[in-house]
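One structure is given here, and the rest of the page talks about it.
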Amino acid sequence: MRLIFFSLLLGSVFPLIANSDSPKTNKATLEPIVFSSKKKISLEKITTTTEVIESENLQQLNQARIIEALDNIVGVDIAQNGLVGGVGSVFIRGGEGRHTLILIDGVKVYDPSSIDRSFNLSQLNLNDIERIEVLKGPQSVLYGADAMAGVINIITNKASTKDSVSLGTGYYDELKTQNTFFIHSGILSLATSFQKSEYASIAEAEEEKDSLEAKNLTLNYSQPIGELFEFDFLFKLNDSYSQADGYDFDLNEVVDDKFAYGRMNHVLTKLHLKQNWSYESTMNYQLNLQKFNRENKYFSDNSYKTNHYLGEIKEADFYNELRQVDGKLIVGTSLLTESFQTDDITEKNMSIMEAYFHRTFESDSLDSVFEYGVRVSHSIDYGDHLVTHMGWNKSFFQHHGLKLSYATGYKPPSLYQLRAPENNFGAVGNEYLAPEKLQAIDLNYNYKLQKFKFYINLFYNEYEDLIEYDQGYKNISQAIFQGTEFGIEQSVNDIKYGIGTSMIHSQLSSGKEATKRPNFTVNSFLLYSLKDFHSLRGDWKWQGRRFERINGVTKRLEPYDVFDISYQFKKEDVAFSAGVKNIFDRDYENSKGYAVLRRALEAKIRFIY
């Protein structure tokens, strides 16, 4: 059946291309605005490859976690250690998970207490999310460190004219509320959610059902102050607990462990003041504070141990948006400090000072956008560093578009990699580590006619000074990832469908295979809108071969495919969705030794009042 679905999808595209010059007219649709860019530029004019998942698409997908939604984007690959609560990694165009910067409403999110300064995206659910934006390629000029492979900006729900409460059941049980309060001239938005799952074991070959509990609270408040100022406040709390199976190094496999667990508490606070000096100038003052509190219990050396990890990030970002006759100029400076400590490691600190500017030129007569920018950073821990960006976007012959960009990026070593003390195996931290670096070229061609879209992307990413562990952390490797992304999307009456592919070739200086990243993927979907209130959607994904490296041994993971189907009913005061994941009950491996989602049902109902 999956082959029939895929054949129909391909077969229906080419007749429609042949009839693309039909004289029929359609209403023009507005391109989404990309908010993750400080420029707030339309998707048509941005010079880098960008994907946006809108709220409506998130509801149609009928998924529970952010990491599941990202798996539908071409060029983005997901690896997760276990079905519920396992550590999730996101790979954009071959880059490591730590090379992707996560933003929540524009705030950098990473865990300074983790070994590689990364963030576990599987901790976040979709219950308070309005949209997700993915910018592919280096974005370090505007967003600084960590934005090497790309940026994922998660935008939370803001004010709504109606409140809602939602219930869900299936492999996740959940409760969600969304409320908006109008306080004089200010608007307060409050979202809460609770998720619980006891669906399957994390270990692949075991039967014990491991549990996950996740609680989330998001508060957004916006308030105009006079005619010149706008104030925004964000408070977000994520608290999760998950059982974590262990790893038996003698058997070299993941095994059941009902006593092992992981607990995470993450608090994010943002204060943003916008000062509108005039139409030509807007000053932005932003202060961010994040605190991480992790606890892990695991079995080692014939006994159970519990470790505690504390991390903190403080960031001040001040930038001015200057509107020009032919575009916009952004000039800013930022200061970031981070710290972490564990039961065995005393508090360690690092600070990064940065200055940046970004200039955009727009020409309506030439139908083109050109932009360039520079960011300079300084840290007493790893010295000075400079990154650049140049991009060009050209529309021609009305329906054709071309984008070309060159950018560099960097990622600082983590505090653990710099300062971790020696252990029984020898040296760990290395205070002489340099940042990891990237040079990238991205070329995009796109064609749009009425309700038909086509694109092809070519990219080349060259990484240098990659940090690996070899009797201590060292800058010892390089990597090149080059590839192609291709996609088609078409709407015909009540049917919308699309297909996208990603092909990546990797070359590592070590001569080894890149782990967890497939060499070839296919994503496709078919959406059928039935009458006014009903819709039916099918999603099929095929993933090529991948490799894992366990205890120095490289193991191959075989290709697999997964087909999901979902139904949605939506009226003014109620919305219902139900779906079947992995409808053909494929037994596959996403990470060696860890369980995956077999055939499962998920249903949700939302009452709007």
Residues 230-237 side chain polar contacts: donor-acceptor under 3.5 Å, at least two apart:
{"residue": "Glu230", "atom": "OE2", "partner": "Asn276", "partner atom": "ND2", "Å": "3.3"}
{"residue": "Lys236", "atom": "NZ", "partner": "Asp128", "partner atom": "OD2", "Å": "2.6"}
{"residue": "Lys236", "atom": "NZ", "partner": "Thr218", "partner atom": "OG1", "Å": "3.0"}

Exactly one of Arg419, Lys108, Lys348, Arg117 should register a salt bridge (charged side-chain N to carboxylate O under 4.0 Å, His left out) with Glu338. Which one does?
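By the salt bridge (charged side-chain N to carboxylate O under 4.0 Å, His left out) criterion, Glu338 pairs with just one of Arg419, Lys108, Lys348, Arg117: Arg117.
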Under the side-chain hydrogen bond (donor to acceptor under 3.5 Å, both in side chains) rule, what do Asn238 and Asn216 come out as? Steps first, then yes or no, please.
CA-CA 5 Å; Asn238 285 300; Asn216 175 270; 2.5 Å; yes
Pair [X] + [Y]: basic N to acidic O under 4.0 Å:
X      : Y      : result
Asp442 : Lys136 : no
Lys328 : Glu321 : yes
Lys215 : Glu213 : no
Lys411 : Asp146 : yes

Give the C-alpha distance, both sets of side-chain angles, the deciding distance and a yes or no for side-chain hydrogen bond (donor to acceptor under 3.5 Å, both in side chains) between Thr337 and Glu312.
CA-CA 8 Å; Thr337 64; Glu312 183 177 85; over 6 Å; no
Ring pair (Phe, Tyr, Trp, His ring centres under 6.0 Å) involving [X] - partner list, sequence neighbours excluded:
X      : result
Tyr309 : none
Tyr372 : Phe357
Phe119 : His266
His385 : Tyr410

Could you walk me through whether Asn288 and Gln290 satisfy the side-chain hydrogen bond (donor to acceptor under 3.5 Å, both in side chains) test, starting with their C-alpha distance in whole Å, then the side-chain angles of each, then the deciding distance to 0.1 Å, before giving a yes or no?
CA-CA 7 Å; Asn288 309 320; Gln290 295 178 73; over 6 Å; no
Verdict with reasoning, Arg517 to Glu96, per salt bridge (charged side-chain N to carboxylate O under 4.0 Å, His left out):
CA-CA 9 Å; Arg517 283 146 286 186; Glu96 296 285 352; 3.2 Å; yes
Sequence neighbours excluded, which residues qualify as side chain to side chain donor-acceptor pair (under 3.5 Å) partners of Gln195?
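If we apply the side chain to side chain donor-acceptor pair (under 3.5 Å) test to Gln195, skipping adjacent residues, the hits are Arg65, Glu174.
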Under 3.5 Å, is there a donor-acceptor pair between the side chain of [X] and the main chain of [Y]?
X      : Y      : result
Asp539 : Asp564 : no
Arg375 : Thr388 : no
Asp71  : Ile67  : no
Ser377 : Met353 : no

Candidate pair Glu354 and Tyr356, rule side-chain hydrogen bond (donor to acceptor under 3.5 Å, both in side chains), full reasoning:
CA-CA 7 Å; Glu354 298 180 300; Tyr356 57 93; over 6 Å; no
Apply salt bridge (charged side-chain N to carboxylate O under 4.0 Å, His left out) to residues Glu198 and Lys209 and explain how you reach the verdict.
CA-CA 6 Å; Glu198 291 184 354; Lys209 293 183 178 181; over 6 Å; no
Using the rule ring-ring contact (aromatic ring centres under 6.0 Å, His included), only one of Tyr261, Tyr298, Phe259 pairs with Tyr304; which is it?
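Exactly one option meets the ring-ring contact (aromatic ring centres under 6.0 Å, His included) with Tyr304, and it is Phe259.
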